[in-house]
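To find a chain, count down the sequence lines: A is the first, B the second, and so on, and within it residues start at 1.
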Amino acid sequence: MKKCQYERPLIQRLNVGLMNKFGTRTEYVPFTHIDGNSIKALLAAYGSPLFVISEATIRQTLRDAQRAFRTRYPKVQFAWSYKTNYLNAVCCVFHQEGSWAEVVSGFEYQKALKNGVPGNKIIFNGPDKTVGELELAIKNSSLIHIDHLDELYMLKELCMKLELKARVAVRVNMDTGVYPIWDRFGFNYENGQAWDAINKIMLSDMMDLCGLHCHIGTFMLTPSAYAVAAYKMADLALGVRQKFNRSIQYIDMGGGFASKNTLKGSYLPGVDVSPSFDQYAEAITTAILNAGFGESELPMIVLETGRALVDEAGFLLGTVIANKRLGDGRRATVLDFGVNVLFTSFWYDHKISPAQDFSRYTEDTVIFGPLCMNIDVVRENVPLPPLNRGDHVVVHTVGAYNLTQWMQFISLRPAVVMIDMNDQLHIIRERETMSSVEKDERLPDYLTGFKL
Amino acid sequence: MKIKRNIAVSDSGFVFNPTTGESFSTNPIGLEIIMALKSHQGPAQIQASILDRYTTDQVTVEKDLSDFFDMLARLDLLEQDEKNQD
Ligand SMILES: Cc1ncc(COP(=O)(O)O)c(C=O)c1O
């Protein structure tokens, strides 16, 4: 007699009236492949856990964003936000698609140069630019976005010393109706600081004011905040034209568009509430088009979109280590990755799919990572079918910020592979090894050798 | 170990406790186990029957059964006096 497929017995209380009105959505099909490659084969070849980046998804997402803006506005330029994901392979996909680089440190600046981005297509943001870094940026004609007055004066001094003119923009912060206001970066619009900084630059012949920059926040769920920001930026640009008879070449609206992730505590899943690129584009371009620029003097719109362009291209594959029943009766599943590599589980309720067949029965489950730390919770409560030790899972929408903010903590960080446009695999970051991690450590001689 | 006598169980895995008004859902193998308990089979007998008919191994079944019985007790579906007996 042929035996039946075994599944762990489970029983769950039905909580009538407690579900949201859309029901608790669980996936009814296993997630077995990414761009033609099976999860099983990927894990067998590269080990578990494993990050996978879909090149096709990156290109598709960027093209979608570009279409949304370019069909509404004549001059649009994306600049890849390095901090969001600065694996060179990922950056170069963006550069191949025409994106400039947006960096916030000397380290990121060097990375962009090494990747082959021309100096004049690097936007240098952030409050911490050293004299040496600024000097290089001036010589390379990079776009230096000034964050504070100390930087403005330091830059002026440097330009005089080098006898070179710097290409600059002013970082502006403002009230857009979304709180808290990110007012720690740049110069404030409402209290006149931004206009004051603009005047200081315009009246100096050492700096060329090319643009105006803002970054109003991250994971902004209200496109109208961008309309307010774009209106205020346009107001400053028009002020420059009126007072100095000079056109501002670009308005940089920064990043902040929401990805399709679900923020913790959100009632509805991100796929249902995150605005589309079209909605953001409509808000920004309408405000600038209606601001009062003549047709020939419309500033270029620069976008430093990060998470919304790369989140969906990233997957984290892993394996079930164990199942447990907690003291309060909840089911817990322990995976072989935790918050050390999935940093964004502090912000998001990430979607997790089993990678093999399962039945339609689910149990509310807490997902833990393997770290010996109480904070190592990947999902606090997710309805999942019974998973067995050794089963595989896929975490979705992990391409943004994890591969830059992950920690080498307790265990070695996993490899990252990219699936190219022909579904071929390329390792783009090796799994860490004992020697790669210890490469920079030094053990003083007198500490070698001991008796226990 | 006995399931409370007044617990109603449907073929589709819907379990109802008329005393508390609570309802539960269980998967097919869970339903089988509850039915076996209702017909007075003991844990050893249930385990043997699962091993006989499903592709699995003894360690897994032992572990899963003990977890399932524990859940039945937590959900107050077992006869009180026998809750802690095997
Ligand atoms: C100046 C600047 N630009 C762009 C970004 C990218 O933001 P996001 O990933 O929210 O699009 C950030 C992120 O903090 C930023 O600080």
Are any of the side-chain heavy atoms of [X] and [Y] separated by less than 4.5 Å?
| X | Y | answer |
| --- | --- | --- |
| A:Arg8 | B:Thr60 | no |
| B:Thr55 | A:Cys4 | no |
| A:Leu14 | B:Phe24 | no |

So for A:Arg331, is it side chain, backbone, both, or neither that comes closer than 4.5 Å to the heavy atoms of chain B?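 Side chain only.
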
Count the heavy atoms belonging to other residues, nucleotides or ligands that lie under 6.0 Å from [atom1] of [X], then report whether that count exceeds 12.
| X | atom1 | value |
| --- | --- | --- |
| A:Arg325 | CZ | yes |
| B:Asp57 | CG | yes |
| B:Asn6 | CG | yes |
| B:Lys38 | NZ | yes |
| A:Lys264 | NZ | yes |

Under 3.5 Å, side chain of [X] to main-chain N/O of [Y], donor-acceptor pair present?
| X | Y | result |
| --- | --- | --- |
| A:Lys3 | B:Leu51 | yes |
| B:Thr26 | A:Leu10 | yes |
| B:Asn27 | A:Tyr361 | no |

Write down the atom of A:Pro9, the atom of B:Ile29, and the distance for their closest heavy-atom approach.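 Closest heavy-atom pair between A:Pro9 and B:Ile29: CA-CG2, 3.5 Å.
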
Minimal non-hydrogen separation, B:Tyr54 against A:Tyr6, with atom names: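 Reported closest heavy-atom pair: CD2-CA, 3.8 Å.
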
Please state whether the side chain, the backbone, both or neither of B:Ile34 comes within less than 4.5 Å of a heavy atom of chain A.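 It is the side chain, since no backbone atom gets that close.
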
So what's closer than 4.5 Å to chain A heavy atoms on B:Asp52: side chain, backbone, both or neither?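 It is the backbone, since no side chain atom gets that close.
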
Nearest 0.5 Å please: distance from the [atom1] atom of [X] over to the [atom2] atom of [Y].
| X | Y | atom1 | atom2 | answer |
| --- | --- | --- | --- | --- |
| B:Ile33 | A:Ile11 | CD1 | CD1 | 10.0 Å |
| B:Arg53 | A:Lys2 | CZ | NZ | 14.0 Å |
| A:Arg13 | B:Asp76 | CZ | CG | 9.0 Å |
| B:Ser23 | A:Gln12 | OG | CD | 11.5 Å |
| A:Glu363 | B:Met71 | CD | CE | 6.0 Å |

